[in-house]
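This report refers to the structure that appears directly beneath it.
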Number of protein chains: 2
Amino acid sequence: MKSTIPDTGVPITPPAANGGDRQEASLHGEILLRLRDYVVEGNIPEGARVPERQLCEMLGISRTPLREALKVLAAEGLIELLPNRGARVRQLSQRDLEELFDVMAGLESLAGRLACEAITDAEITAIEQLHYEMYGHYLHRDMHGYFQTNQRIHESIVAAARNETLKTAYTNFAGRIRRVRYSANFARKRQRWAEAMREHEAILDALRRRAASELSDILFQHLRNKRTAAIEHLTEPQEDTPASP
Amino acid sequence: MKSTIPDTGVPITPPAANGGDRQEASLHGEILLRLRDYVVEGNIPEGARVPERQLCEMLGISRTPLREALKVLAAEGLIELLPNRGARVRQLSQRDLEELFDVMAGLESLAGRLACEAITDAEITAIEQLHYEMYGHYLHRDMHGYFQTNQRIHESIVAAARNETLKTAYTNFAGRIRRVRYSANFARKRQRWAEAMREHEAILDALRRRAASELSDILFQHLRNKRTAAIEHLTEPQEDTPASP
DNA sequence: GGAGATTATTTTGCATTCATTTTTTGTCCT
DNA sequence: AGGACAAAAAATGAATGCAAAATAATCTCC
């Protein structure tokens, strides 16, 4: 076995599509986008080496632009560069995750605060729409749909903050925990799920009233609870499954 | 005039010292640290080109590690890379500054919240110490001393949050606005200064009581006010100087 | 047969080189 | 003289080359 990256059969460069509509002038930029996705999507196992040579062949480029992209990814915290030992996909410790969740909580909390200053009635209506949609998913026990809509709500709040810098940072941090974010949910934890729904009600309520500090608090607490659920899920994945009799 | 970087007489590489005690194994890492400082310190005027060739000579290296460092700095938001037209020191619009200040406010607000959970009595005592020191500077109208101590207080709060991820992000954003942060102060604005002192009293009070949400609010507002002062200062630098009669 | 040392291979880091693109300089024409 | 065009110079972006380090493979000796 010479390859450390499992061949998923999905090449980084899809022969047909170019990975979306976005276009990047420079090669290193293009590589950066693709490689970031590739890592965020979890195509390389945690802690595994990121072999330059192999990636160069996969991408059909030389090492120079690849290495530039790797440096940036390292700066973003997705991978880590060990001196003379190449790049590894960053392995997040439990503490790292806690920290990341808290920062996300802080950013969303901020987003909520700022959103109260600038959000339009139309935007609130749109979020209400998403909220009811999400409630539907909740009633139907549609985890996937729920999560999708839930994420759109949070993104809408961030968008309503009218702060590109914040949005960028938010997206950045979200990318780092994306892998666990999806796995670390309250899959079979009905109680937490119901709680989250109530929290979302409160979020919507505070948003309607443009109660900045209040919304800030609620959002922080909401994310904090998410964090707790996620960490618990990671440490004991078979939460609600009773032990063998 | 062939050089776009004004020769300040201070080389990036001081012949004697190596710029501090820190040591970096890789060259690109070393370059990154030095170049980041070099840009943050304001050695290159805003919007000016960052000539690779010249910097390579200054640093005595080839373009490869330099370009890697430039990509990272671009990712950090300190410079921007124009396709085929090289790197420029990022010029911050007023909107950019507003956004940055708000994000900083959010991060400090978060730091305060988290600090309430983890801060020790000793740490609070230390901050109190700094507070009184700062008050002394205030009474003596010692702007420089005030700012220095003020910054140490804010850093102490961030440190008390026990979140390295947050701290890194905070440092990062602080670097971006460092240039204006120092110039954009309430130089001759006694009123704002007094207000800031009162806010700091409130911060300390909330911290003593470990009132998380409250502290979060106060810190956000405090930074918000700073932002307003800074923007005002930039748009009309001769604030308190009465217009010609 | 296996643990440790030694050599070979691979990989990394940086310098150098090459092809384009941009910018500057020079010239010509109105 | 001034502007437009063209050629030269310089700078950028990416590929290649080379030395050092790390990893893998082989060999030696017990």
Side-chain angles (χ1 to χ4, degrees), chain A residues 1-7 12-13 18 22-36 39 44-45 47-75 78-90, chain B residues 1-7 12-13 18 22-36 39 44-45 47-75 78-90:
Chain A
M1 159 128 144
K2 64 177 178 182
S3 166
T4 49
I5 298 184
D7 192 347
I12 298 185
T13 314
N18 70 341
R22 70 193 174 190
Q23 48 189 3
E24 184 68 25
S26 57
L27 185 50
H28 71 259
E30 169 74 27
I31 296 300
L32 176 60
L33 291 176
R34 281 204 239 160
L35 203 55
R36 186 190 289 125
V39 173
I44 308 177
R49 288 183 59 160
V50 182
E52 293 182 5
R53 195 137 181 53
Q54 193 178 337
L55 282 175
C56 285
E57 287 169 13
M58 278 170 135
L59 295 158
I61 54 160
S62 84
R63 284 174 51 216
T64 308
L66 179 80
R67 299 185 94 255
E68 290 172 347
L70 287 178
K71 298 286 181 302
V72 173
L73 291 184
L78 262 86
I79 64 175
E80 53 189 352
L81 263 34
L82 294 94
N84 289 323
R85 292 161 95 245
R88 293 184 130 74
V89 175
R90 187 160 168 203
Chain B
M1 158 135 142
K2 66 176 177 183
S3 164
T4 49
I5 298 184
D7 191 347
I12 298 185
T13 313
N18 71 341
R22 69 192 175 193
Q23 48 188 2
E24 183 68 26
S26 56
L27 186 51
H28 70 261
E30 170 74 28
I31 296 301
L32 176 60
L33 291 175
R34 281 204 238 160
L35 204 55
R36 187 190 288 125
V39 173
I44 307 177
R49 287 183 60 156
V50 182
E52 292 183 6
R53 193 140 181 53
Q54 192 178 339
L55 283 174
C56 285
E57 287 169 15
M58 278 170 135
L59 294 158
I61 54 161
S62 85
R63 284 174 54 215
T64 309
L66 179 81
R67 298 186 94 252
E68 290 172 347
L70 288 178
K71 298 288 183 299
V72 174
L73 291 184
L78 259 81
I79 64 175
E80 53 190 352
L81 263 33
L82 295 94
N84 288 324
R85 296 167 91 241
R88 292 184 132 73
V89 175
R90 186 159 167 205

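Remember, it's a predicted structure, so these values are computed and weren't measured experimentally.
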Task: Any residue meeting side-chain hydrogen bond (donor to acceptor under 3.5 Å, both in side chains) with A:Arg90, in chain and number order, not counting sequence neighbours - done: none

Open item on the list: Nearest whole Å is fine: how far is C:dT12 C1' from A:Arg88 CZ?
Closed with: 13 Å

TODO: Quick one: list whatever passes side chain to side chain contact (heavy atoms under 4.5 Å, CB included) with A:Arg63, sequence neighbours left out.
DONE: A:Glu52, A:Cys56, A:Arg67

- [ ] Check A:Val89 against A:Pro45 and note the closest heavy-atom contact, atom names and distance.
- [x] CB-O, 3.7 Å

Open item on the list: Walk along nucleotides 12-22 of chain D from 5' to 3' and tag each nucleotide B, S or - by protein heavy-atom contact under 4.0 Å, base first, then sugar-phosphate.
Closed with: BBSBBB---SS

Open item on the list: Run the salt bridge (charged side-chain N to carboxylate O under 4.0 Å, His left out) test against B:Arg88 and tell me which residues pass, sequence neighbours left out.
Closed with: none

Open item on the list: Among residues at least two apart in sequence or on other chains, which ones pass side chain to side chain contact (heavy atoms under 4.5 Å, CB included) with A:Ala74?
Closed with: A:Ile79, A:Leu81

